[in-house]
Amino acid sequence: MEQAASHVQLNPEQRSAVQHFEGPILVLAGAGSGKTRVLTTRIAHLVREHGVDPSGILAVTFTNKAAGEMRARVRTLLGEDPAGMWIGTFHAVGARLLRRHADRLGWTSSFTIFDADEALRETKRTMERLQVSPKRWHPKAVHGAISAAKNQLVAPDTYAATAADPFTLAVAQVFAAYQTSLKEQNAFDFDDLLVKPVDLFTTAQGLLAYYRQRFTFVLVDEYQDTNRAQYQFLHLLASAQEESGGNLMVVGDDDQSIYGWRGADIRNILDFERDFPGARVVRLEQNYRSTARILDAANAVISQNLKRKGKTLRTSAEAGEPLTRVEAYDERDEAEWIAHEIQRRLMRAPDETARDFVVLYRTNAQSRALEEAFRRADLPYQIVGGTRFYERREIMDALAYLRLISNPRDAAAFERVINVPRRGIGDASRAELYRWAAARGMSALGAAARADENPTFRGRSAAALAEFAALVARFTELASQVAAGQVIERLVEEIGLLSALEEEGPEGTERADNVRELIAAAHEFDARPLDDAEDDDVAADTTALDRFLQKVSLLTDVDRHDPDARAVTLMTIHNAKGLEFPYVFISGLEDGLFPLARAFDEPDTLEEERRLFYVGITRARRKLYLSHARVRRRAGEVRPGIPSSFLEPIPPLIIEHQRTRALSHARASGSLGWHGSARREERDQGRGREPAGVWVDYSDSQDAPRYVKGERVRHPQFGPGVIRELSGFGKDVKAVIDFERAGRKKVVLRYANLQKEL
DNA sequence: CCGTCAACAGTTTTT
DNA sequence: CTGTTGACGG
C-alpha cells in the first residue's frame, strides 16, 4: 500500500490539487498516480486549513469499500473521525437521501431496494400481467431498455412518447406498469436510487436549496464512470449558482472508463471544463505503483485508442522483471500453469504470500477452470464475483422474510417466501390470493391475513395463510423494538430454517453456514458505532432492521474481498478496478474473449475493451503475466483461440514468451492442427529440444487429464503409482502403471479416475 | 401440491 | 456443461 500521506510527500501536481480551495476542479489521475491520497489529503486540508465543517463535505466513491478506506484515511490524517461527513457510493448516498425524504415522493422510509435479480423478476411479472409475452421479448432485454432509459433520466411518459417500433412500444407499456408496481410495493430498484434523488431535487420544494447549502464541498471519485443521472445529480448539487456551490472536485481517468455498457457517459469527463466553466484541470501522470516495463506495456496498449484526453504515465521506478506471455493448450492447461507458477514463486521467495497474487479474467465463466486448478494444486484462493453471497438462495429467502417484515407491501418478497418452508400454498392458491387482493385493493400480505373471508380458501390453506401473516406481523412488531441481529436470529429459529437446510445433506450444511454468516453480519451491524450522519436516519423513523436491509442491498462482492486473507484472489477485471497487487495474471487473452467478439463491429466498444485491458495491466506492481490458450471450451463447445490483438502493441523487448509443458509436448508431436502456423513454429523451435516424453493427444476429448511417462499418480483403489507406458489416442489412452501396493496394472485413463500426485 | 425428469437455452462486464 | 424451465405422474 501507499505510504502515509503528508504534504511533504506530495508531488507538485498533487499538491496543487490538494490545495485547491473553491471552484470546480478536474483531476485527471492516471492509474496508480495517488488519486486517493489527493482526495483524502484535500479533505483533511479543507477541514484543517480552511476550517470547513466535515458535515459540509460530500464524497462519492465507486464502492463501499473505497468509501470505507477513504473515511479511515481521512480519520488518520485528522486524528479524529470527520463527524457528519457523507462518504458513500452514488447508490448509498441516493438511498440515504431517499430514506430521509421518501415521503415527498410517496414512498416511506422503510422502502425496499430491489436488486438486479428482483428487478428482473418484477419485469417478468409485469410483462405477464400485461400479456406481453416473455417469449417474444426477453425480460432481460425489456428490463435492460428500462434501465437504460432511467440512467438517461427518461421517464416512462417521455419514453412512451418517443416509442415507435413494436419493441419500444412494448417496453413503454411495461416501463409504466413496472414503475407503478414498484411504488405500490414501496420499493426502488438500483436505478431509482440515482434517478429519484434527482426527482427529489427538482420537485420537492426547498430540498435542493437545503442540500446545496449543506454540502459546500463535493468530491467525486471515478468520475469517468458516471452516467447521465449521476451527472445531473452532481450538476444540481454543485454547479456554481448565486450564493453557493461550485466547489466540485472530480477525480477520474478517461482511460479507465469501463462502464459504458451501464450507461456511463465518457463525455462527462471529456466535457467537464465546458460544463463547469472556470474549472481547473490538474493532471497526475506520475505513477507510484508499477515497474517501468509494466508501464511501458500499459502506455503502448492505451495509445492505440483515439478517443482520449491523452496522457502518458511516467515513473522513476526501475525497469523490473520482464512481462511474461504464456501460451497454453486449453483453459485447463492455462489454469494449471498459473497455479503452478504461483507455487513456484511462493517457494522461491518465502516472503511473498498468496495474497500478493491476483488472477484476472474477462468473464466470470472463466473462473471455473482456475478454481479447479487451484483446488488440485491445493492453493488457497478467494473468488470475488460470480455467485454473490447475497444472491444465494438461502440468503435471498432469509432476506425476503426480513424485507417483508420491514416492508409489508413488498409483494416480491411475499411471493418468494409464502411457501418457504412448504406450507402447501401452491400456484393456484397464490394466483387466487393475488387476484382477490388486487380486487379488494389489499396487499398480498393483508389478503393473507384475512384469507378466512375468502370462501375459496378452506381449512388448510386459509389457516396456513393466516398463520403466515400473523408470523410476519409478530416480527414486524418485534423489529421495532430489538436490534436487527435479534430479529434474524429469532426468525430463523421460528421458521426452522437452519434445521431444514441441515436436512438437505452436505450442500445444505453449507447453506446453513451461510445463514449463520448472515446472522453474524447482522450482529456486527448492530454492534458497530453509529456512523455520524446516521443519527439523522435513526430519527427518520427507521428500525435497525430497515437500515440493515438497506445497507445489505447495496453491498457488492468487492466489498467482501478480504485483502488480508492468505489466498490468491480471482476476479473479473471490472472488479479489480481501484485495487493493486504485486503479481497480476491476466488470462484468456484471445480474440473473441478479450476483446469480446462483439467489440469488433463497434469501434467504441473495442476502445472500451482496450481500456479494460489497460485497467488490468495497471493493477500490477511488480510482475505481469499475460496468458492465452490455443483451444477454449465455451458453452460446451471447443473453439480455437487466436492470441488477442491487444497483445500486439506491447514492445517485444519487455516481454518474454513461454509455453506450457503440455503445449510443448503436444506441439512436438505435431498433434495440434488448429492453425497452419503450428508446423512452421515447430520447425523454428527445433525438434527434440523438449525432454523426451510421451505425448497424449487429447485434442478430441473434453477433459482428458494430461499425463507423461514417469509421472506419479494416485488411483482410487490401487493407491499411488508411477506411469510406465502410455498408448492409444484421445479417449482411449491407456497407461501401464506400477502401483506401490498393487503392482503393475494396465488401465484406461478415461475410466481409471486417476489423480496427479505432486 | 410436489417431486422428478426431460428439454432447453445461454455466457460480458455490476451499482 | 450447467442451471433453469416445463410437463407429467404420484
Side-chain angles (χ1 to χ4, degrees), chain A residues 60-67 88-95 113-117 119-121 124 134-135 138-141 144 147 150-151 188-195 222 225-227 229-230 257-264 331-332 360-369 372 384-388 390-391 393 418-431 460-461 464 551-559 571-578 588 592-599 602 605 608-609 611-613 615-616 632-639 702-703:
Chain A
V60 192
T61 59
F62 197 72
T63 64
N64 296 297
K65 191 177 159 206
T89 61
F90 273 103
H91 290 83
V93 168
I113 298 169
F114 279 5
D115 64 12
D117 194 64
L120 187 61
R121 287 163 190 276
K124 200 175 165 204
K135 287 201 173 126
H138 223 291
K140 248 188 184 157
S147 179
K150 287 190 180 189
N151 282 318
F188 293 115
D189 66 15
F190 273 157
D191 301 317
D192 287 337
L193 298 182
L194 307 178
V195 174
E222 310 280 15
D225 287 323
T226 51
N227 62 31
Q230 291 162 326
S257 160
I258 54 176
Y259 284 98
W261 53 274
R262 206 173 74 192
E331 73 280 355
R332 198 184 151 118
L360 304 176
Y361 35 80
R362 177 67 245 264
T363 68
N364 278 307
Q366 291 166 253
S367 68
R368 173 158 268 133
E372 285 167 4
V384 179
T387 48
R388 296 174 157 67
Y390 289 103
E391 283 172 12
R393 192 198 71 197
I418 176 64
N419 208 29
V420 178
R422 307 240 171 266
R423 290 186 182 82
I425 314 289
D427 292 349
S429 313
R430 283 206 308 277
R460 257 205 347 264
S461 44
K551 169 145 188 167
V552 156
S553 319
L554 297 175
L555 283 187
T556 72
D557 232 48
V558 188
D559 297 324
M571 60 177 146
T572 62
I573 304 174
H574 281 91
N575 267 325
K577 188 166 87 156
L593 180 61
F594 194 14
L596 287 169
R598 60 173 21 165
E602 251 303 316
T605 312
E608 180 154 317
E609 293 277 308
R611 291 193 292 269
L612 189 61
F613 185 40
V615 167
R632 189 172 295 269
R633 274 172 282 273
R634 283 221 267 170
E637 242 185 318
V638 186
R639 289 190 203 172
Q702 287 286 303
D703 48 15

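Source: prediction; values computed, not measured.
In terms of phosphate contacts, A:N364 brings no side-chain nitrogen or oxygen within less than 4.0 Å of OP1 or OP2 of B:dT11. Phosphate proximity of B:dT15 to A:K150: absent, as no side-chain N or O sits under 4.0 Å from OP1 or OP2. Using a 4.0 Å cut-off, no side-chain N or O of A:T572 falls inside it from OP1 or OP2 of B:dT12. Between B:dT15 and A:N227, no contact under 4.0 Å exists linking OP1 or OP2 to a side-chain N or O.
At least one donor-acceptor pair closer than 3.5 Å links the side chain of A:N419 to the backbone N or O of A:G424. With hydrogens and angles ignored, the 3.5 Å screen pairs a side-chain donor or acceptor of A:E608 with a backbone N or O of A:G260. A:Q230 places no side-chain N or O within 3.5 Å of a backbone atom of A:L194 that could act as its donor or acceptor partner.
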Mind listing the N/O atom pairs, protein and nucleotides 1-5 of chain B, below 3.5 Å?
residue : atom : partner : partner atom : Å
B:dC1   : OP1  : A:G426  : N            : 2.9
B:dC1   : OP1  : A:S429  : OG           : 2.7
B:dC2   : OP1  : A:G424  : N            : 3.4
B:dC2   : OP2  : A:N419  : ND2          : 3.3

Under 3.5 Å, N/O pairs linking protein and nucleotides 8-10 of chain C:
none

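A:K140 places its NZ atom 8 Å from the P atom of B:dG10, with the value rounded to the nearest Å. Between A:R121 atom CZ and C:dT5 atom P there is a gap of 8 Å when expressed in whole angstrom units. In this structure, A:E602 atom CD and B:dT12 atom P are separated by 16 Å, rounded to whole Å. In this structure, A:D189 places its CG atom 11 Å from C1' of B:dT15, rounding to the nearest Å. Here C:dT2 presents its C1' atom at 16 Å from CZ of A:R634, a figure rounded to the nearest Å. Look at NZ on A:K577: it is 20 Å from P on B:dT12, rounded to the nearest Å. The distance from atom CZ of A:F62 to atom P of B:dT13 is 15 Å, rounded to the nearest whole Å. Here B:dT15 presents its C1' atom at 9 Å from CH2 of A:W261, a figure rounded to the nearest Å.
Taking both residues in full, the closest heavy atoms of A:S147 and A:D191 are given as OG-OD2, 2.8 Å, listed atom of the first, atom of the second, then distance. Across all their heavy atoms, A:Y361 and A:S367 have their closest contact at OH-CB, 3.4 Å. Between A:P595 and A:E609 the shortest heavy-atom distance is CA-OE1, 3.2 Å. Between A:L612 and A:R362, the shortest heavy-atom distance links the atoms CD2-NE, 3.3 Å.
Counted by atom type alone, A:T363 and A:Q366 present one or more donor-acceptor pairs between their side chains at under 3.5 Å.
Stacking of the aromatic ring of A:Y259 onto the base of B:dT13 is not found under the criterion of centres within 5.5 Å and planes under 30°.
Note on A:K135: nothing from the nucleic acid sits closer than 4.0 angstrom, heavy atoms only. At the heavy-atom level, A:D115 lies nowhere under 4.0 Å from the strands shown.
Among the nucleotides B:dT15, B:dT13, B:dT11, the one closest to any side-chain atom of A:R262 is B:dT15. Relative to the side chain of A:R598, the nucleotides B:dT12, B:dT11, C:dT2 differ in distance, and B:dT12 lies closest.
Look at the P atom in both C:dT4 and B:dT13: the space between them is 16 Å, to the nearest Å.
Each of A:R362 and A:H138 was assigned the nucleotide of DNA chain B with the nearest heavy atom; the assignment lying further toward the 5' end belongs to A:H138.
At least one side-chain heavy atom of A:F190 sits under 4.5 Å from a side-chain heavy atom of A:L554.
Ring geometry for A:W261 versus A:H574: interplanar angle over 60°, hence perpendicular rather than tilted (30 to 60°).
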